[in-house]
Each structure stands twice: as C-alpha cells, then as structure tokens.
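Single-structure report; data block below.
Just so it is clear: chains get the letters A, B, ... in the order the sequence lines come, proteins before strands, and each one is counted from 1. Every heavy atom of this structure was used, including side-chain atoms; hydrogens, water molecules and symmetry mates were not.
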Amino acid sequence: MKNQVAVTNIKTRWVRSLKTEMALLVLLFVTVFWFDQLVAILKPLIGTPKSNVSVWNLGELFFQHMAIVTIATSASLILAFGLGSWVHIKRFDQLKSNLLSFCGFGETFPTAALIALLVPLLGYGMESVVIALFVYGLMPIFTNTIEGLESIPKQIGEAADGMGLTPIQKYGYVELKMGMPYILTGIRISLIVNIAAATIGAVVGAGGLGMPIMSGIRIYDPILIMKGALPVILLALLVDGLFRKMEKHYGIQSKG
Amino acid sequence: MIELRNIKKTYGNVVALDGIDLVIENAKICMLLGPSGCGKSTLLRLINRLIDPDSGEILINHKSNLSYKKEELRRNMGYAIQGVGLFPHMTVGENISVVPKLYKWDEPRMKARIEELLDLVGLPIEYASKYPRELSGGEAQRVGVARALGADPQFLLMDEPFGALDPVNRKRLQREFLEIQRRLKKTVVFVTHDINEAATMADQLVIMNEGKIIGAGTPEEIACCEDDTVVGFLGNGFGLELLERHKLVDHMHMFEPWTKAAKFEDLLRFDRASTMKEIMASFLLSEKTLFSVEGVPGVFTYNTKPISELLLKCD
C-alpha cells in the first residue's frame with residue numbers, strides 16, 4: 001500500500017513537470033496548422049513575405065519529416081540497442097571495442113556528404129535520407145547502450161554474479177534498468193541530430209520541412225525559411241525536453 | 001563441507017595464494033582473518049568460482065566445484081559483501097527474492113519467505129516495500145544478510161559484510177548473526193580483518209598472511225599458538241578477546257550476591273547481551289564494586305576470579 005502511494009507520487013510529479021513540454025506541443029501545433037494565419041496576423045510586425053508562402057502545406061511536410069525521422073531512428077534503435085546488448089551479454093570485448101572506435105570515427109563523417117554519396121546508389125527520394133539518418137542514429141545509441149550497461153557499480157555487478165545470475169539474467173534484472181538513463185540519452189541525441197539533419201533531405205527530393213527552407217534560401221525570403229525552421233526548432237525542443245524528463249525519471253529509479 | 005586442496009593462484013608475478021589446504025566443516029562458522037592483501041578475499045571468491053585457481057582442487061560436498069554448473073553452485077551459496085551491493089532500483093522485498101525467483105518459486109511462497117527473512121534479521125515487514133536508499137547502513141546490511149539467505153542455501157560466503165558499519169552497529173549485527181546461525185546452522189565462510197570480530201564469531205579460525213595459512217584451529221587453539229607471525233599479528237592480548245565469546249548472563253553463578261542495601265548510583269548495569277570482556281573492562285575503569293544485569297534479580301559484587309577462570313591457560 002505504502003509502495004503504491006510512493007509510485008503514484010513519482011508519476012504525478014513526472015506529469016506535473018511536463019508543463020514546458022505541453023506548452024511547446026501547443027506552440028508546435030499552432031505553427032504547423034496555422035502558420036499562414038499567424039503570418040497574416042503579424043503582418044504589421046514582420047512585413048509581407050516575398051513569395052506566396054501558403055503554397056507549402058506545412059501539415060503534410062511536417063508528417064513527412066516525422067516519418068523520415070521516426071523510421072530512421074526506430075531502425076537505428078533496434079539495430080544499435082540489439083547489437084550493443086548482444087556484444088555485452090556475450091562478452092565479445094574485442095568486437096565491442098572495435099565497434100566503439102568505428103562509431104567514434106563514423107561520427108566525424110558529414111551527414112550531407114553521406115546523403116550525397118547515397119543518391120547515386122539509391123536515387124532521389126526518401127530512401128537515401130532515411131538510410132543516411134539511420135546510419136547516423138546508430139552511433140550515439142550504440143555507444144550509450146554500452147556505456148549504460150557498463151555503468152553499474154562494481155559491487156553491484158559482483159553481487160549479481162555471486163548470487164548466481166547468468167549474464168542474460170544480470171542484463172535483465174540489473175544492467176538494463178540501471179543503464180536506462182544512458183540509453184535514453186543516446187536515443188535523444190540521435191533524434192535531435194536527425195530532426196535537424198532531415199532538412200537536408202529536401203535537396204534530394206525527400207520532402208519534409210527542409211523544402212520551405214531550401215526555397216526560402218533560394219529566393220531569400222526569411223518568412224519562408226522560418227516556415228520550415230520554426231517547426232524543426234519546436235519539435236527538437238519538445239523531444240529534447242521529453243527525453244530529459246524521462247532520463248531524470250529513470251535516473252531517480254535506478255538510484256533506488 | 002568445503003575442502004580446499006593445495007590451491008595456488010597468481011596474478012601476473014604476484015602470488016595471491018600459495019598452497020592452501022583447508023577443510024571447512026558443515027554448520028560451522030569459519031573466519032578467515034588476516035591483513036589486507038593476504039589473499040583471504042581471493043580464497044572466498046574461489047569457492048563460488050568468481051575466479052578459478054591456477055592449480056589445486058576445491059570440493060563442495062565431496063564433489064569438485066567444477067562439476068557443478070557455475071550458476072547452480074552460486075545459488076546454493078548465499079553471498080554477502082561489504083557495502084552490501086543491494087540493487088538500488090528494486091525494493092527490499094524484490095532484492096530478497098531475486099534468487100527464489102530464479103528458482104521459480106510461486107508468489108505466496110516468495111511472499112512468505114520475504115516476511116520470514118525480514119523477521120529473522122529483525123526488520124519490520126513494512127520494510128519489504130522500501131528502497132535501499134531509504135535504509136540506514138545497518139538496515140541495508142541486514143537486508144544484505146537476508147538476501148544471501150534468500151533461497152535457504154547450504155552455504156554462506158561473507159566478505160567483510162559488517163566492515164562499513166560503526167562499532168556499535170557492527171557489534172549488534174555480529175550478535176544477531178550468531179543468533180541466526182544458532183537456528184539455521186549454515187556452513188559459513190566469513191572474511192574479516194577485524195581481530196575482535198574473528199574472536200567473537202569463529203568456530204574455526206584461519207589466520208592468513210601473504211597467501212598462506214599460518215594458523216588454523218579453534219580460537220582457543222589459536223590463542224595458544226606460539227608461532228611468531230601469528231602472535232605478531234594477533235598481539236599478546238588475543239586471549240582476552242576470547243572473553244567476548246562468553247555472555248555475562250551465562251556465568252552469573254560465579255559472582256557473589258550482595259545482600260545489603262545498595263544505592264542505584266553505586267551500580268554498574270549490564271544488559272543480557274553483555275559479555276565477560278565488557279564487565280571486566282567496565283570494572284577496570286570504574287571504582288564501583290556492585291553490578292546488576294537486566295532481567296536477573298538482585299545485585300552482585302564483582303571480583304576477577306570468574307574472569308581468570310575463563311581465561312585460557314596454555315600449556
């Protein structure tokens with residue numbers, strides 16, 4: 001009984017701490033669906049756009065953008081988390097350190113260059129972008145999965161071994177739960193990077209929020225640029241906030 | 001029964017264990033005592049195969065410990081370590097039931113076991129739903145012992161389990177552990193560097209130094225050992241430490257009752273857990289001559305005769 005009270009306390013505290021994220025969500029919704037109306041209202045302040053900004057259907061672009069990011073990051077999550085867990089449980093230490101140094105190297109490779117290299121192979125369209133973002137998303141998730149699983153204090157690891165947990169039981173009972181904040185951080189970094197990087201997709205015809213930005217740059221229309229950039233910024237802030245709260249929540253839990 | 005035969009273990013150039021032979025009898029507490037780095041923890045970790053020896057053989061119930069599956073072997077050996085190593089994201093109850101869960105006990109049996117163990121280590125049942133961060137050091141250590149006893153293993157391996165506690169809590173937990181052991185009769189291997197702790201708890205006392213056993217036997221035998229290294233490590237006062245093993249309440253017949261009136265402030269008062277060492281030390285430091293014991297009617301006069309009778313005479 002006492003336990004239940006404590007748990008609901010943590011839960012309600014968590015929901016209550018999401019005020020900023022709620023506000024961001026509302027703001028994002030308004031921007032995506034009423035951008036043209038906003039521009040009309042703010043006309044005295046920001047002036048008239050150089051082009052007809054309402055040509056772009058922001059709702060559609062937003063969902064394209066979301067689709068690219070979600071598909072790419074989910075795929076990286078499945079592969080990177082699975083691979084990280086597997087090399088950890090099987091204690092493939094050599095393979096693990098090779099993969100880690102490969103990730104360190106891979107992160108230095110520019111996203112735009114990777115997309116450009118993929119176009120001749122996969123052609124114009126969503127596929128090249130999704131695959132490029134998938135590859136980028138792998139690295140932070142993989143490194144953080146390993147870091148998280150190795151983050152448990154020596155004593156606790158030894159207690160788990162001494163009690164007779166097999167490596168996979170140790171993973172399930174202890175390491176995964178205590179490493180969760182690190183793993184969430186990896187997913188967060190991956191998502192934020194991909195939300196921003198997905199705008200480059202417009203260049204290779206993948207659609208998404210990069211479209212108005214690219215056109216805006218070409219004809220130098222700041223309002224058109226903002227039409228693409230504002231939702232990207234708000235989405236990134238929202239995702240960042242949500243994940244940070246989750247990390248904190250799991251951080252408290254894994255400290256008991 | 002645990003038998004170690006000619007165990008050797010080296011780490012690089014460092015010899016951690018050098019030809020260890022030891023037999024640990026069932027239902028006895030075997031205390032491994034020695035300075036830091038003498039190999040006592042290494043020895044303990046060999047028994048449940050957290051490490052394996054370079055050469056030599058370890059028999060558990062007359063069978064080589066290599067013939068058991070590692071996990072099965074460990075589940076039959078409760079393991080309690082310094083700093084406890086409780087899982088912070090699990091409640092006390094969940095921590096205690098980790099090994100029973102591995103054995104796939106059903107829910108009611110597990111619940112009953114949690115209550116039984118909490119009661120055994122002297123914690124209220126409500127503690128089952130607390131998290132480790134909500135416990136004091138002594139409480140966490142009690143839960144550590146309860147968790148080690150989880151699925152009622154035959155053996156208990158303890159690596160300085162009370163090492164991080166303050167002296168008062170440490171003494172209390174030692175006494176409680178002896179009470180528990182009296183009932184459960186586990187085969188206990190207990191590592192410590194605290195001479196007093198070893199003297200208080202040992203059925204069998206093993207003194208180690210630089211990877212070797214330099215003395216083994218009952219505490220009384222060790223107290224009479226004349227080996228220079230053993231005496232050098234234990235000090236000349238070790239015989240006195242053995243008074244810690246005798247409870248005052250068990251020896252009341254050796255003291256004269258005081259029949260005249262006595263003022264309350266003229267008395268030294270002891271409780272039921274007080275030992276002969278405590279009464280001796282208290283009167284050495286006090287000018288009083290009378291004492292009373294909680295739960296024993298009457299007032300008694302102190303004299304040193306019972307102490308000297310209990311003190312060991314080595315021939």
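Side-chain contact between Arg45(B) and Glu158(A) is present, with at least one heavy-atom pair separated by less than 4.5 Å. Contact check for Val99(B) versus Leu165(A): no side-chain heavy atoms found under the 4.5 Å cut-off. You'll find the side chain of Met163(A) stays beyond 4.5 Å of the side chain of Arg74(B), heavy atoms only. Taking 4.5 Å as the limit, some side-chain heavy atom of His89(B) sits within range of a side-chain heavy atom of Val174(A). Using a 4.5 Å cut-off on side-chain heavy atoms (C-beta onward), Tyr173(A) and Lys101(B) make contact.
Closest approach of Pro167(A) and Glu71(B) over heavy atoms only: CD-OE2, 4.3 Å. Closest approach of Ala159(A) to Gly85(B), counting heavy atoms only: CB-O, 3.6 Å. Closest of all the heavy-atom pairs between Pro88(B) and Ile156(A) is CD-CD1, 3.6 Å.
Here the straight-line distance linking atom CD of Glu175(A) with atom CZ of Phe87(B) works out to 9.5 Å at 0.5 Å rounding. The distance from atom CG of Leu102(B) to atom OG1 of Thr166(A), rounded to the nearest 0.5 Å, is 7.5 Å.
Contact of Leu86(B) with chain A is made through the backbone alone, with heavy-atom distances under 4.5 Å. Heavy atoms closer than 4.5 Å to chain A are found nowhere in Glu94(B), neither backbone nor side chain.
Summarising the local packing, CZ of Phe102(A) is surrounded by 12 or fewer heavy atoms from other residues, nucleotides or ligands at distances under 6.0 Å. Counting heavy atoms of neighbouring residues, nucleotides and ligands inside a 6.0 Å radius, atom CG of Leu178(B) exceeds 12 of them.
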